[in-house]
Structures are given as structure tokens and as C-alpha cells.
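One structure is given below, encoded as C-alpha cells.
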Amino acid sequence: MFPKLFQNTAFFPRQSSLQIEELKRSEENNNRSLLRRTRSLNAPSPFQQFGPCGRIMKNSAMVMQIQDPASQRLTWYKPPLTVLVIKKVSDASVLAPFVQLVTWLLQEKNMVVWVESAVLEDSQLNEVAQFRDIRDKLVTFKDGRDDLTDRIDFIVCLGGDGTLLYASLLFQQSVPPVMAFHLGSLGFLTPFRFDSFQEQLTSVLEGHAALTLRSRLRCVTHRKSDKRHQSKHVDADPDDHLNAAHKSILVLNEVVIDRGPSPYLSNIDLFLDGKYITSVQGDGLIVSTPTGSTAYAVAAGASMIHPSVPAIMVTPICPHSLSFRPIVVPAGVELKISVSPESRNTSWVSFDGRNRQELFHGDSLRVTTSIYPMPSICAQDQISDWFASLADGLHWNVRKRQKCLDELSDLTASGSEDTFDEFENLKLYDV
């Protein structure tokens with residue numbers, strides 16, 4: 001660094017002391033600028049333990065306390081014993097794979113299997129004889145009442161992307177490793193196929209798996225008046241995760257602020273690290289993670305971001321402006337969204353499509369990147385899985401291939417005379 005070199009001015013015989021002092025001041029200003037920039041651009045160092053057993057394998061490939069995503073691999077520092085199985089609800093096609101999986105985990109792997117209590121009340125599932133034999137061996141929990149923190153070593157999802165969003169909702173701090181099987185419709189976040197689940201699960205339980213750390217957003221609602229909120233809140237639910245003011249919730253995809261049933265434009269003020277950025281006049285605003293960039297955000301015109309990129313995406317919904325484009329901000333910043341004082345109406349907010357509630361004038365929502373990501377197990381690796389999802393789920397860049405020059409020259413050479421004759425005939429017919 002320059003300050004160390006300037007300790008001995010004999011190395012700079014042609015520079016005056018004034019020039020040296022100016023260089024020193026310039027270097028100090030650059031250092032201060034770098035410190036400010038580093039603090040805002042670096043994402044929070046992810047919490048690297050997932051449930052009681054899983055954690056990131058320690059690796060020397062660390063850059064500024066953020067591990068190289070390509071080196072993120074799962075390791076167990078003690079054998080996993082408890083597994084939570086989440087299945088898609090109201091889908092008869094998932095029943096047979098669910099029973100097959102749970103039976104195998106109980107009998108072959110001697111694991112403690114947890115399921116939601118509502119699963120045992122499924123009338124179609126209780127008609128399956130094989131399930132009735134293992135029903136009493138399952139451990140149940142109730143969403144919103146039972147705390148699963150440090151009870152689950154491993155999560156298996158059967159269904160679509162909604163099963164991962166539900167897993168994220170259940171674990172509002174450290175999340176156990178998640179293995180998702182594609183048994184839904186889109187399946188953008190579910191890379192595994194169920195046909196060979198025994199081999200794939202055995203490999204993961206032995207610690208042979210790559211991980212994608214999907215960042216989540218920490219959202220905190222600040223109410224101007226708690227009493228007013230309690231009297232006017234029309235969607236109150238005793239099982240909601242956001243009934244109490246100032247209580248945070250972590251989302252995997254996005255938080256959406258919209259105009260609700262009002263016919264007027266939303267008028268939402270957006271702040272970044274306490275500084276006013278802009279006002280959103282339109283149908284609303286989407287604040288999403290890189291994982292959520294391929295969900296609602298991409299439908300609203302946003303770009304698609306790889307889930308390993310530390311960033312937050314801000315996407316307007318139908319803005320009443322020709323120049324308001326989606327933006328990407330550093331993962332380390334804090335966003336504040338509030339209803340503008342000039343707004344004709346209130347706004348509504350939802351978190352990963354749940355817990356919808358009203359934002360009144362004076363209320364605000366603060367959004368930051370959480371230190372608790374969701375560790376999603378890869379079928380192959382981070383790059384292959386993501387691009388396979390783009391191709392299979394969204395048909396990204398699907399186009400009929402252009403013919404090469406050799407093919408075109410062959411067609412031209414073989415059919416040039418015929419084409420000319422046909423053209424002359426067409427001219428005769430036109431006459």
C-alpha cells in the first residue's frame with residue numbers, strides 16, 4: 001500500500017513533499033471509500049450449520065468470508081437420524097411415492113420420520129393398506145404450534161416448488177438440508193426424479209452431495225399503531241407467523257407489495273440503507289431473492305439470477321412509467337418500503353404467497369438478506385441443475401436451429417434452376 005512506501009521518501013527523489021502529501025490524502029480517501037463499499041456490497045456470511053447434523057464442509061476456497069459456491073458440499077458430522085417428509089397436498093399421484101418413501105426410511109434406514117399431522121387425516125392415504133401398517137410409527141407436528149428447531153436432521157420434499165416454500169416457512173432460522181423430488185407441475189426447484197430414490201437418498205445420507213445455498217429475505221413489519229392494526233386487520237389467523245408486530249419472517253422467493261382491491265395506483269416509497277431512492281406508482285413492487293427471480297419477478301419482466309449470486313432484486317409490477325426497469329442491489333443492504341403519505345389508498349403485502357396483510361399509512365416493511373439460507377441439495381451440481389431447470393421448466397432460449405452455410409449452398413445449387421422456372425411460371429399466371 002502507498003502509506004508504507006511513503007515512509008521512506010528516498011525512493012521518490014523527483015517528487016516534492018507536497019505531492020507526497022496529496023498522494024497520501026488521495027490514498028486515505030480511497031481506503032475510506034473501499035471500506036464503505038465493502039460493507040454494503042458483501043452479503044452476510046451464511047450460517048453454515050443446518051439442523052442438528054448438517055453443515056458446510058470446511059474448505060480453503062474462501063473469499064472475504066464467503067465460500068466459493070462451487071466448493072459447497074454437504075457433510076454430516078454425525079449420522080442423520082430424523083427426517084421430515086413434506087408432500088404435496090390434495091394430489092393423489094403423490095400418495096404412492098409418499099408411502100413407498102416413508103416405508104423405506106423406516107424399515108431400511110431405521111430413521112425417525114416426521115410428517116405434518118394433517119397428513120394422517122388424509123382419507124385417501126388411510127385407504128392404502130401399506131400406510132396403515134406404518135401409520136403409528138410416524139411422528140407428527142402441527143404447523144404454527146410445534147417448534148421443529150434442532151429436531152430435524154434432513155428434509156425430503158415430494159411435489160412441486162411449493163413444498164420447498166413450505167419448508168422455508170417451517171424453519172425460520174437454521175434449515176436442515178433439503179432434497180426435493182419432482183412430483184409437481186413446474187418443478188423448477190425440484191431436481192431429483194423419484195424413479196431411483198433409494199440410490200439417490202443413500203448417496204446423500206453418506207455425504208456425497210453438492211449444495212446450493214439459496215439466500216432468504218428477512219422481512220420485518222413495523223406498525224405505526226399496534227392497536228389500530230389489531231382492530232382493522234381483516235385477515236387475522238391464530239396460526240399465522242406474522243400476527244405480532246415487529247416479528248420477522250424469512251422468505252425464499254419474494255415479498256410482494258401491491259394495491260390489493262383498490263382501483264387506485266399504489267404509491268410506495270422505497271429507501272435503501274436509509275436513503276430515499278424512488279416512489280413506485282403502479283400495481284406494486286416485488287422484492288425477491290435470486291431464487292425468486294425465476295418466479296413472479298420473471299413474469300413481471302425481471303432478469304433471471306443464479307441462486308448463488310449475493311443480491312436482492314427489486315421489480316415493479318406494471319409501473320406507470322416507461323423508464324422504470326427492474327434493478328438488482330447488493331445483498332448486504334436494507335430496503336425499507338412504506339406507503340407514501342400522498343397515496344390515495346393503503347397497500348397489501350404477502351410473503352411467499354402467504355400471510356397477506358394490509359399496510360397502512362405510516363407502516364413500513366424492512367427487508368434484508370438473512371444469515372440463514374436454505375441448503376438445497378443438487379442432483380448434479382449448481383450450474384447443471386440451474387440451467388436444466390431453465391430449459392425444462394421455462395424452455396429458456398428454445399428456438400429452431402438456423403441452417404449452416406453448407407446446407408444452404410447445397411439447397412441453392414440443387415434447386416436454383418427449378419426455382420427460376422417456377423418464378424417464370426408464376427409471372428405467366430399473374431398475366
Side-chain angles (χ1 to χ4, degrees), residues 42-86 105 109 111-114 139 141 146-157 163-180 189 191-192 200-220 241 247-253 289-291 307-310 331-332 352 368-379 381-382 385:
N42 283 341
S45 182
F47 194 79
Q48 298 188 2
Q49 182 171 331
F50 313 120
C53 301
R55 65 180 179 184
I56 289 288
M57 182 183 297
K58 295 206 177 287
N59 191 291
S60 59
M62 301 284 285
V63 180
M64 301 182 73
Q65 298 184 345
I66 299 178
Q67 190 170 7
D68 177 11
S71 68
Q72 293 170 352
R73 298 194 63 84
L74 175 67
T75 182
W76 307 101
Y77 61 91
K78 61 180 180 179
L81 298 176
T82 58
V83 57
L84 170 63
V85 179
I86 300 175
L105 291 171
K109 295 300 180 180
M111 299 188 74
V112 179
V113 179
W114 286 65
V139 182
F141 73 95
D146 296 327
D147 185 10
L148 298 180
T149 305
D150 294 332
R151 292 186 179 185
I152 306 298
D153 301 331
F154 183 45
I155 301 175
V156 177
C157 293
T163 56
L164 274 85
L165 297 178
Y166 182 58
S168 173
L169 183 68
L170 290 176
F171 294 87
Q172 289 293 291
Q173 291 186 4
S174 176
V175 187
V178 181
M179 186 175 185
L189 306 179
F192 289 93
Q200 296 177 97
L201 271 167
T202 299
S203 178
V204 169
L205 293 174
E206 292 174 353
H208 307 303
L211 284 178
T212 296
L213 295 187
R214 299 185 180 276
S215 63
R216 296 192 291 172
L217 298 177
R218 180 177 180 267
C219 308
V220 183
H241 295 261
K247 184 175 180 180
S248 67
I249 184 171
L250 305 189
V251 298
L252 179 62
N253 265 356
T289 63
T291 296
S308 295
V309 177
D352 275 344
T368 57
T369 299
S370 170
I371 63 171
Y372 299 106
M374 169 172 277
S376 178
I377 297 174
C378 301
D381 55 69
Q382 291 185 354
D385 282 12

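Quick note: residue numbers are just sequence positions, from 1. Both backbone and side-chain heavy atoms feed into the values below; hydrogens, waters and symmetry mates do not.
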side-chain contact (heavy atoms from CB on, under 4.5 Å) with Ile86: of Leu164, Leu170, Val156, only one passes, and it is Leu170
So OG of Ser248 and CZ of Arg218: to nearest 0.5 Å the spacing works out to 4.5 Å
Close side-chain approach of Val139 to Arg151, heavy-atom, < 4.5 Å
no
* So do Asp352 and Asn253 actually touch side chain to side chain, heavy atoms under 4.5 Å? -> yes
Problem set entry | Validation row: Leu84, Leu148 side chains within 4.5 angstrom (heavy atoms) | yes
Exercise for the section: Using modelled atom types only, decide if a donor and an acceptor are shared between the side chain of Gln382 and the backbone of Leu211 within a distance under 3.5 Å. Expected result: yes
Open item on the list: In the structure I gave you, are the side-chain heavy atoms of Arg55 and Thr75 within less than 4.5 Å of one another anywhere?
Closed with: yes
Item to complete: Flag the pair Pro177 / Trp76 as yes when at least one side-chain heavy-atom distance between them is below 4.5 Å, and no otherwise.
Response: yes
Rounded to the nearest 0.5 angstrom, the CG-CD1 distance for Leu169 and Ile249 is 5.5 Å
Closest heavy-atom pair, Cys53 versus Pro79, reported as atoms and distance to 0.1 Å, is SG-O, 4.0 Å
- prompt: Under 3.5 Å, is there a donor-acceptor pair between the side chain of Ser168 and the main chain of Val251?
  reply: no
In this structure, CD of Gln49 is separated from CD of Gln173 (nearest 0.5 Å) by 12.0 Å
Rounded to the nearest 0.5 Å, the CD1 atom of Ile377 sits from the CZ atom of Arg73 at a distance of 11.0 Å
message = Does any part of the side chain of Leu217, heavy atoms only, come nearer than 4.5 Å to the side chain of Leu250, both counted from C-beta?
response = no
For Gly51 and Ser174 the tightest heavy-atom approach is N-OG, 3.1 Å
Heavy-atom closest pair (Ala210 atom, Asp381 atom, distance to 0.1 Å) is CB-CA, 4.4 Å
Is the backbone of Ile155 close enough, under 3.5 Å, to the side chain of Trp114 for a donor and an acceptor to pair up by distance? no
Between Val309 and Pro290, the two heavy atoms sitting closest are O-CG, 3.1 Å
Closest non-hydrogen contact found for Ala331 with Pro310 is CB-C, 3.4 Å
Please evaluate residues Phe50 and Val178 with respect to the criterion side-chain contact (heavy atoms from CB on, under 4.5 Å), reporting the C-alpha separation (whole Å), side-chain torsions for both, the decisive distance (0.1 Å), and the verdict. CA-CA 10 Å; Phe50 313 120; Val178 181; over 6 Å; no
Mind checking whether Lys109 and Thr202 have side chains closer than 4.5 Å, heavy atoms only? yes
dist Phe171:CZ -> Asp147:CG (nearest 0.5 Å) comes out at 9.0 Å
So, the side chain of Thr82 versus the backbone of Asp153: is there a donor-acceptor pair under 3.5 Å, distance only?
-> yes
Correct closest heavy-atom pair for Asp385 and Ala379 would be OD2-N, 2.7 Å
Review point. Is the backbone of Cys157 close enough, under 3.5 Å, to the side chain of Thr163 for a donor and an acceptor to pair up by distance?
Key: no
Value for NE2 (His208) from OG (Ser203), rounded to nearest 0.5 Å, stands at 5.5 Å
Worksheet entry | Non-hydrogen side-chain atoms of Arg214 and Leu252 separated by less than 4.5 Å | yes
